[in-house]
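A short worksheet on the structure shown next.
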Amino acid sequence: MKKKIIPIAVIAVALIVALLLFDKFIINTAENSFFAMNTVCSSKISGKESDLVSKEIQAAVEKLDTDVLSRKNEKSSVSRLNRNMGGEIDEKFSEYFSVLLDVCEKSGGKFDFTLGAVSDLWDFGGSPSVPDEKTLSDALSHTGGEKLVLSGNSVDFEDNFTVDFGAAGKGIALDEIKDFLETTKTKEAVISVGGSILLYGEKNFTVGIKDPEGNAGRHVAVLNVGESCVSTSGSYERFFEENGKRYHHILDPDSGYPAQSGVVSVTVVSESGILSDALSTACFVLGIEKGGALAAEYSCETVFIDENKKLYVSEGLKDKIEISDTSYSLAEQ
Ligand code: AMP
Ligand code: MG
């Protein structure tokens with residue numbers, strides 16, 4: 001009896017060791033999905049120790065959200081800055097502010113990360129309704145990215161506004177994930193944080209542009225691109241109807257009302273996550289001509305979809321896009 005137990009135990013231990021080694025040295029694929037940053041996130045990772053890498057990515061996104069960017073968590077860096085009208089920040093955070101200040105300035109203020117209190121009045125994530133005009137204009141009078149002064153590692157709010165990273169946080173997460181992936185043995189990865197996707201690895205990826213009419217899981221076009229960050233902003237993401245009128249979550253900082261630039265979706269392809277995310281929102285507000293010019297200033301490529309189902313594709317993506325829904329077509333440019 002004893003003799004039999006010993007070989008079984010030895011085989012079991014050998015099997016466990018073999019399984020552990022398999023994960024450590026053999027390339028395998030791990031898939032994961034979770035909810036963070038107020039949106040659905042997913043990852044598909046191929047490489048060594050992909051299960052571990054995938055868990056670490058989830059932990060990193062959750063930490064970035066709760067410790068740094070979340071406005072819901074009182075202890076986050078953004079909440080602390082909003083409460084104290086500024087304060088000390090670390091170097092990385094200071095770099096993010098510097099990029100966003102630049103986009104704010106170059107977009108003529110149409111990208112504005114100080115709209116938090118105005119967005120709260122609309123309450124798109126909760127019980128949305130059209131805010132009272134006076135309340136809206138009062139809140140709007142306290143906004144403006146140019147009133148945030150960044151000097152080294154400290155920020156100073158010159159007015160009582162609420163900073164909101166809703167338009168760029170998903171891209172920041174992608175940049176941090178990319179830095180982390182570079183320290184691992186990952187071969188290829190596709191990570192999506194809401195409408196922002198990181199394509200990582202030396203291959204050609206296909207990524208779909210969502211149907212702006214909001215049909216879940218449907219794509220109207222497919223992009224064939226190499227390693228990059230691809231962000232899409234669309235009016236279909238968050239909206240409500242009141243008295244027969246539709247209101248979406250991307251606001252024109254000049255009026256405080258949803259931007260009406262004639263576009264329903266903008267996709268930006270960039271090496272940088274923060275730029276792809278911030279610019280997709282900025283381009284949505286600016287519209288095709290001005291938005292396209294802004295993205296070009298940052299050497300980013302774009303696909304705009306207008307209300308008439310026409311696609312405006314920047315030069316660098318023209319041979320990399322396939323329209324898959326025949327009710328959409330390329331605009332004559
Ligand atoms: P995105 O999905 O990346 O386009 O970001 C949309 C989110 O950005 C909104 O839910 C708001 O939190 C915020 N936002 C709305 N309008 C603007 C704007 N004009 N500039 C910057 N952030 C904005
Ligand atoms: Mg964005």
Side-chain angles (χ1 to χ4, degrees), residues 37-41 65 69-72 78 82 96-97 99-126 128 131 136 139-140 143-148 161-175 192-198 209-210 212 214 229-240 247-261 263-270 272-287 290-291 294-295 298 300 302-305:
M37 297 201 154
N38 220 5
T39 189
V40 178
C41 307
D65 186 17
L69 302 177
S70 169
R71 289 206 286 129
K72 281 192 200 136
V78 164
N82 283 336
Y96 298 148
F97 265 122
V99 172
L100 298 185
L101 276 168
D102 195 58
V103 177
C104 179
E105 194 193 320
K106 290 201 171 88
S107 67
K110 292 292 192 187
F111 177 85
D112 189 347
F113 51 81
T114 70
L115 289 180
V118 179
S119 285
D120 288 348
L121 290 175
W122 287 93
D123 198 15
F124 285 98
L136 187 66
L140 203 59
T143 63
E146 74 287 351
K147 292 189 266 184
L148 183 140
F161 47 68
T162 304
V163 161
D164 168 35
F165 274 75
K170 302 173 288 308
I172 289 173
L174 298 188
D175 286 333
S192 79
V193 180
S196 289
I197 301 170
L198 167 66
I209 297 180
K210 270 192 193 165
C229 294
V230 182
S231 292
T232 300
S233 286
S235 48
Y236 56 88
E237 279 165 14
R238 261 176 208 170
F239 63 89
F240 67 95
Y247 299 88
H248 63 79
H249 69 309
I250 303 174
L251 304 175
D252 184 336
D254 290 323
S255 65
Y257 281 83
Q260 285 181 309
S261 60
V263 299
V264 289
S265 149
V266 185
T267 298
V268 176
V269 182
S270 169
S272 147
I274 187 171
L275 276 180
S276 70
D277 194 1
L279 287 173
S280 66
T281 311
C283 288
F284 189 99
V285 185
L286 284 167
K290 288 184 183 161
L294 175 70
Y298 288 99
C300 295
T302 49
V303 179
F304 288 79
I305 306 180

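Remember, it's 1-based here, ligands and their atoms both numbered in the order they're listed. Please read all numbers here as calculations on a predicted model, not as lab measurements.
Nearest-heavy-atom check against atom 16 (N) of ligand 1 across Asp254, Val118, Leu251, Asp112 picks out Leu251. Looking at Gly166, Gly145, Ala282, it is Gly166 that brings a heavy atom closest to atom 7 (C) of ligand 1.
Among Leu140, Leu251, Leu136, the single residue meeting the side chain to side chain contact (heavy atoms under 4.5 Å, CB included) criterion with Tyr257 is Leu136.
Distance alone, capped at 3.5 Å, places no donor-acceptor pair between the Asp277 side chain and the Ser231 backbone. Between the Ser276 side chain and the Ser270 main chain, no donor and acceptor come within less than 3.5 Å of each other.
Proximity of Arg238 to ligand 1 is not established, as no heavy-atom distance is less than 4.0 Å. Between Pro253 and ligand 1 there is a heavy-atom distance shorter than 4.0 Å.
Taking the six-membered ring where the residue is Trp, the centroids of Trp122 and Phe239 are separated by 6.0 Å or more. Aromatic ring centres of Phe284 and Phe111 lie farther apart than the 6.0 Å criterion allows.
For residue Gly166, no N/O/S atom approaches the Mg ion (ligand 2) to within less than 2.8 Å. When distances to the Mg ion (ligand 2) are checked against a cut-off of 2.8 Å, Ser231 contributes no N, O or S atom below that limit.
Looking at Thr232 and Ser280, their side chains never bring a donor and an acceptor atom within 3.5 Å of each other.
The shortest N or O to N or O distance between Lys170 and ligand 1 is below 3.5 Å.
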